[in-house]
Amino acid sequence: QSADVVAAADRLYDELTAFPKATVAACHGAVVGGGAEIAVACDLRVGGSNLRMRFPGAELGVPVGPARLVTLCGLATAKYLLLTSRNVSADEALRMGLIHRVAPAAATEEAAVGLAAEVAAHPPEAAARLKAMLHAWDGVVERSAEEGRGQVEWQRSGPGLPYRDG
(Lines give C-alpha, C1' and ligand atoms only; values in the text may rest on other atoms or scores of the structure.)
Protein backbone atom coordinates (compact mmCIF):
# COMPACT_ATOMS: atom_id res chain seq x y z
CA GLN A 1 0.00 0.00 0.00
CA SER A 2 2.79 2.44 0.70
CA ALA A 3 4.03 1.98 -2.86
CA ASP A 4 0.56 3.05 -4.03
CA VAL A 5 0.84 6.27 -1.98
CA VAL A 6 4.28 7.00 -3.46
CA ALA A 7 2.98 6.22 -6.96
CA ALA A 8 0.04 8.61 -6.48
CA ALA A 9 2.36 11.42 -5.34
CA ASP A 10 4.67 10.78 -8.29
CA ARG A 11 1.71 10.91 -10.69
CA LEU A 12 0.71 14.26 -9.19
CA TYR A 13 4.22 15.69 -9.71
CA ASP A 14 4.38 14.32 -13.26
CA GLU A 15 0.93 15.58 -14.22
CA LEU A 16 1.67 19.01 -12.81
CA THR A 17 5.02 19.15 -14.62
CA ALA A 18 3.44 18.04 -17.91
CA PHE A 19 0.25 20.15 -17.59
CA PRO A 20 -0.08 22.04 -20.90
CA LYS A 21 -0.92 25.43 -19.38
CA ALA A 22 1.36 27.52 -17.19
CA THR A 23 1.12 26.76 -13.48
CA VAL A 24 1.91 29.15 -10.62
CA ALA A 25 2.63 28.17 -7.01
CA ALA A 26 2.12 30.45 -4.01
CA CYS A 27 4.81 29.40 -1.53
CA HIS A 28 3.89 30.64 1.93
CA GLY A 29 5.47 29.65 5.24
CA ALA A 30 6.88 26.12 5.48
CA VAL A 31 7.10 24.50 2.03
CA VAL A 32 8.71 21.16 2.84
CA GLY A 33 9.05 17.74 1.23
CA GLY A 34 5.99 16.98 -0.89
CA GLY A 35 4.92 20.62 -0.75
CA ALA A 36 8.31 21.71 -2.07
CA GLU A 37 8.07 19.05 -4.79
CA ILE A 38 4.66 20.39 -5.85
CA ALA A 39 6.03 23.93 -5.88
CA VAL A 40 9.00 23.08 -8.10
CA ALA A 41 6.76 21.07 -10.41
CA CYS A 42 4.98 24.36 -11.20
CA ASP A 43 6.29 26.66 -13.91
CA LEU A 44 6.42 29.81 -11.81
CA ARG A 45 6.62 30.39 -8.06
CA VAL A 46 5.98 33.34 -5.78
CA GLY A 47 7.45 33.10 -2.30
CA GLY A 48 6.10 34.83 0.74
CA SER A 49 8.59 36.75 2.84
CA ASN A 50 8.07 34.08 5.51
CA LEU A 51 9.05 31.22 3.17
CA ARG A 52 11.07 28.31 4.53
CA MET A 53 11.61 25.83 1.70
CA ARG A 54 13.17 22.47 2.39
CA PHE A 55 13.86 19.21 0.58
CA PRO A 56 14.42 16.72 3.46
CA GLY A 57 14.96 13.59 1.35
CA ALA A 58 18.54 12.96 2.47
CA GLU A 59 17.63 13.41 6.13
CA LEU A 60 14.71 11.00 5.74
CA GLY A 61 16.58 8.57 3.51
CA VAL A 62 14.22 9.20 0.59
CA PRO A 63 15.65 9.46 -2.95
CA VAL A 64 13.54 12.36 -4.20
CA GLY A 65 13.93 15.73 -5.85
CA PRO A 66 16.64 15.97 -8.47
CA ALA A 67 14.54 15.71 -11.64
CA ARG A 68 12.99 19.14 -11.33
CA LEU A 69 15.55 20.89 -9.10
CA VAL A 70 18.47 20.55 -11.51
CA THR A 71 16.44 22.36 -14.16
CA LEU A 72 15.54 25.19 -11.81
CA CYS A 73 18.76 25.95 -10.04
CA GLY A 74 21.56 23.91 -11.59
CA LEU A 75 23.37 20.79 -10.47
CA ALA A 76 25.54 22.35 -7.76
CA THR A 77 22.62 24.09 -6.03
CA ALA A 78 20.38 21.02 -6.39
CA LYS A 79 23.07 18.93 -4.70
CA TYR A 80 23.37 21.50 -1.93
CA LEU A 81 19.62 21.55 -1.29
CA LEU A 82 19.11 17.79 -1.53
CA LEU A 83 22.18 16.59 0.34
CA THR A 84 21.97 19.08 3.22
CA SER A 85 18.17 19.04 3.67
CA ARG A 86 18.44 22.59 5.01
CA ASN A 87 15.78 25.29 5.07
CA VAL A 88 16.16 28.20 2.68
CA SER A 89 14.54 31.60 3.17
CA ALA A 90 12.62 33.54 0.53
CA ASP A 91 15.67 35.66 -0.31
CA GLU A 92 17.88 32.56 -0.63
CA ALA A 93 15.24 30.81 -2.74
CA LEU A 94 15.06 33.83 -5.03
CA ARG A 95 18.86 33.90 -5.47
CA MET A 96 18.88 30.15 -6.15
CA GLY A 97 16.15 30.37 -8.80
CA LEU A 98 13.61 28.38 -6.78
CA ILE A 99 11.12 31.26 -6.80
CA HIS A 100 10.64 34.19 -9.15
CA ARG A 101 9.28 36.85 -6.82
CA VAL A 102 9.11 37.56 -3.11
CA ALA A 103 5.89 39.05 -1.76
CA PRO A 104 4.90 40.16 1.73
CA ALA A 105 3.73 37.07 3.61
CA ALA A 106 0.10 38.22 3.80
CA ALA A 107 0.03 38.96 0.05
CA THR A 108 1.63 35.76 -1.30
CA GLU A 109 -1.51 34.35 -2.89
CA GLU A 110 -2.49 37.73 -4.32
CA ALA A 111 0.97 38.09 -5.88
CA ALA A 112 0.77 34.56 -7.34
CA VAL A 113 -2.65 35.30 -8.85
CA GLY A 114 -1.21 38.52 -10.29
CA LEU A 115 1.65 36.58 -11.88
CA ALA A 116 -0.84 34.06 -13.30
CA ALA A 117 -2.86 36.95 -14.74
CA GLU A 118 0.27 38.29 -16.47
CA VAL A 119 0.75 34.92 -18.16
CA ALA A 120 -2.97 34.57 -18.94
CA ALA A 121 -2.94 37.95 -20.73
CA HIS A 122 -0.90 36.34 -23.54
CA PRO A 123 -2.42 34.15 -26.25
CA PRO A 124 -2.93 30.74 -24.59
CA GLU A 125 -1.75 28.79 -27.63
CA ALA A 126 1.55 30.67 -27.65
CA ALA A 127 2.15 30.08 -23.93
CA ALA A 128 1.29 26.38 -24.27
CA ARG A 129 3.58 26.01 -27.30
CA LEU A 130 6.44 27.79 -25.54
CA LYS A 131 6.04 25.56 -22.48
CA ALA A 132 6.01 22.43 -24.68
CA MET A 133 9.13 23.62 -26.52
CA LEU A 134 10.97 24.39 -23.29
CA HIS A 135 10.05 21.03 -21.77
CA ALA A 136 11.10 19.17 -24.93
CA TRP A 137 14.45 20.94 -24.96
CA ASP A 138 15.00 20.39 -21.25
CA GLY A 139 13.65 16.83 -20.92
CA VAL A 140 12.13 17.56 -17.47
CA VAL A 141 8.96 15.57 -18.18
CA GLU A 142 10.96 12.43 -18.93
CA ARG A 143 13.34 12.97 -15.99
CA SER A 144 10.41 13.50 -13.65
CA ALA A 145 8.75 10.28 -14.84
CA GLU A 146 12.02 8.34 -14.45
CA GLU A 147 12.51 9.70 -10.93
CA GLY A 148 8.95 8.64 -10.08
CA ARG A 149 9.48 5.11 -11.35
CA GLY A 150 12.64 4.90 -9.24
CA GLN A 151 10.81 6.10 -6.13
CA VAL A 152 8.04 3.54 -6.56
CA GLU A 153 10.61 0.77 -7.04
CA TRP A 154 12.52 2.01 -3.96
CA GLN A 155 9.28 1.88 -1.98
CA ARG A 156 8.42 -1.62 -3.21
CA SER A 157 11.81 -3.28 -2.93
CA GLY A 158 14.01 -1.05 -0.77
CA PRO A 159 13.65 0.32 2.74
CA GLY A 160 10.72 2.52 1.70
CA LEU A 161 8.74 4.90 3.82
CA PRO A 162 6.78 3.62 6.81
CA TYR A 163 3.06 3.67 6.07
CA ARG A 164 0.11 3.08 8.31
CA ASP A 165 -3.60 2.98 7.45
CA GLY A 166 -5.86 5.49 9.14
Side-chain angles (χ1 to χ4, degrees), residues 8-60 62-124 126-148 151:
D10 289 328
R11 275 193 306 277
L12 172 64
Y13 306 145
D14 290 344
E15 289 173 10
L16 193 51
T17 300
F19 192 71
K21 295 184 179 184
T23 55
V24 180
C27 305
H28 184 271
V31 179
V32 179
E37 287 290 322
I38 289 170
V40 299
C42 290
D43 300 305
L44 304 170
R45 288 155 302 285
V46 174
S49 58
N50 64 343
L51 177 66
R52 292 174 325 280
M53 187 175 272
R54 185 167 175 245
F55 299 87
E59 182 178 320
L60 300 173
V62 180
V64 63
R68 291 166 293 279
L69 270 180
V70 170
T71 293
L72 291 180
C73 55
L75 182 60
T77 300
K79 285 179 180 180
Y80 175 73
L81 293 167
L82 293 169
L83 297 175
T84 65
S85 298
R86 76 179 285 281
N87 278 305
V88 294
S89 69
D91 290 336
E92 289 174 297
L94 183 64
R95 281 193 305 273
M96 292 176 175
L98 295 172
I99 61 174
H100 299 95
R101 294 182 181 169
V102 177
T108 308
E109 289 181 25
E110 181 182 339
V113 169
L115 182 56
E118 285 181 46
V119 174
H122 303 302
R129 182 69 185 134
L130 282 168
K131 181 174 174 175
M133 290 168 63
L134 290 165
H135 279 194
W137 174 78
D138 179 64
V140 69
V141 172
E142 294 79 14
R143 282 195 322 275
S144 183
E146 177 62 28
E147 181 178 301
Q151 289 170 357

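Numbering of residues begins at 1 and proceeds along the displayed sequence.
Looking only at distances, a side-chain donor or acceptor of T23 sits under 3.5 Å from a matching main-chain atom of D43. K131 places a side-chain N or O within donor-acceptor distance of the main-chain N or O of K21, the cut-off being under 3.5 Å. Counting only distance, with no hydrogens or angles, the side chain of H28 and the backbone of A105 share a donor-acceptor pair below 3.5 Å. Checking side-chain atoms of H100 against main-chain N and O of R45 turns up a donor-acceptor pair under 3.5 Å. The main-chain N or O of S85 is found under 3.5 Å from a side-chain atom of R54 such that the two form a donor-acceptor pair. Using a distance-only test at 3.5 Å, with no hydrogens or angles considered, no donor-acceptor pair links the side chain of T77 to the main chain of G74.
Counting only heavy atoms from C-beta outward, the side chains of L98 and M53 approach each other to under 4.5 Å. The shortest side-chain heavy-atom distance between V24 and C42 does not fall under the 4.5 Å cut-off. Counting heavy atoms from C-beta on, the side chains of R129 and M133 come closer than 4.5 Å. Using a 4.5 Å cut-off on side-chain heavy atoms (C-beta onward), V40 and T71 make no contact. By the 4.5 Å heavy-atom criterion applied to side chains, C27 and T108 are not counted as neighbours.
The side chain to side chain donor-acceptor pair (under 3.5 Å) test applied to S89 returns E92, not counting sequence neighbours.
Nearest heavy atoms, V88 versus A93: CG2-CB, 4.3 Å. Closest non-hydrogen pair, V31 versus A39, comes out as CG1-CB, 4.2 Å. The two residues A36 and F55 make their nearest non-hydrogen contact at CB-CE2, 3.5 Å. The two atoms that bring L82 and A58 nearest to each other are O-CB, 3.1 Å, heavy atoms only. Across every non-hydrogen atom of G48 and V102, the tightest pair is C-CG1, 4.4 Å. Closest approach of I99 and A90 over heavy atoms only: CD1-O, 3.5 Å.
One distance of note links CG of D91 with CE of M96; it measures 11.5 Å at 0.5 Å rounding. The NZ atom of K79 lies 13.5 Å from the OG1 atom of T84; values are rounded to the nearest 0.5 Å. Going from atom CD of E37 over to atom CG of D10 covers 8.5 Å, rounded to the nearest 0.5 Å. Note that CG of L81 and CG of L69 are 6.0 Å apart. Values are rounded to the nearest 0.5 Å.
With hydrogens and angles left out, the side-chain atoms of R86 and Y80 include a donor and acceptor closer than 3.5 Å.
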- Task: Please step through salt bridge (Lys or Arg N to Asp or Glu O under 4.0 Å) for the pair R101 and E110, ending with a clear verdict.
- Result: CA-CA 12 Å; R101 294 182 181 169; E110 181 182 339; over 6 Å; no
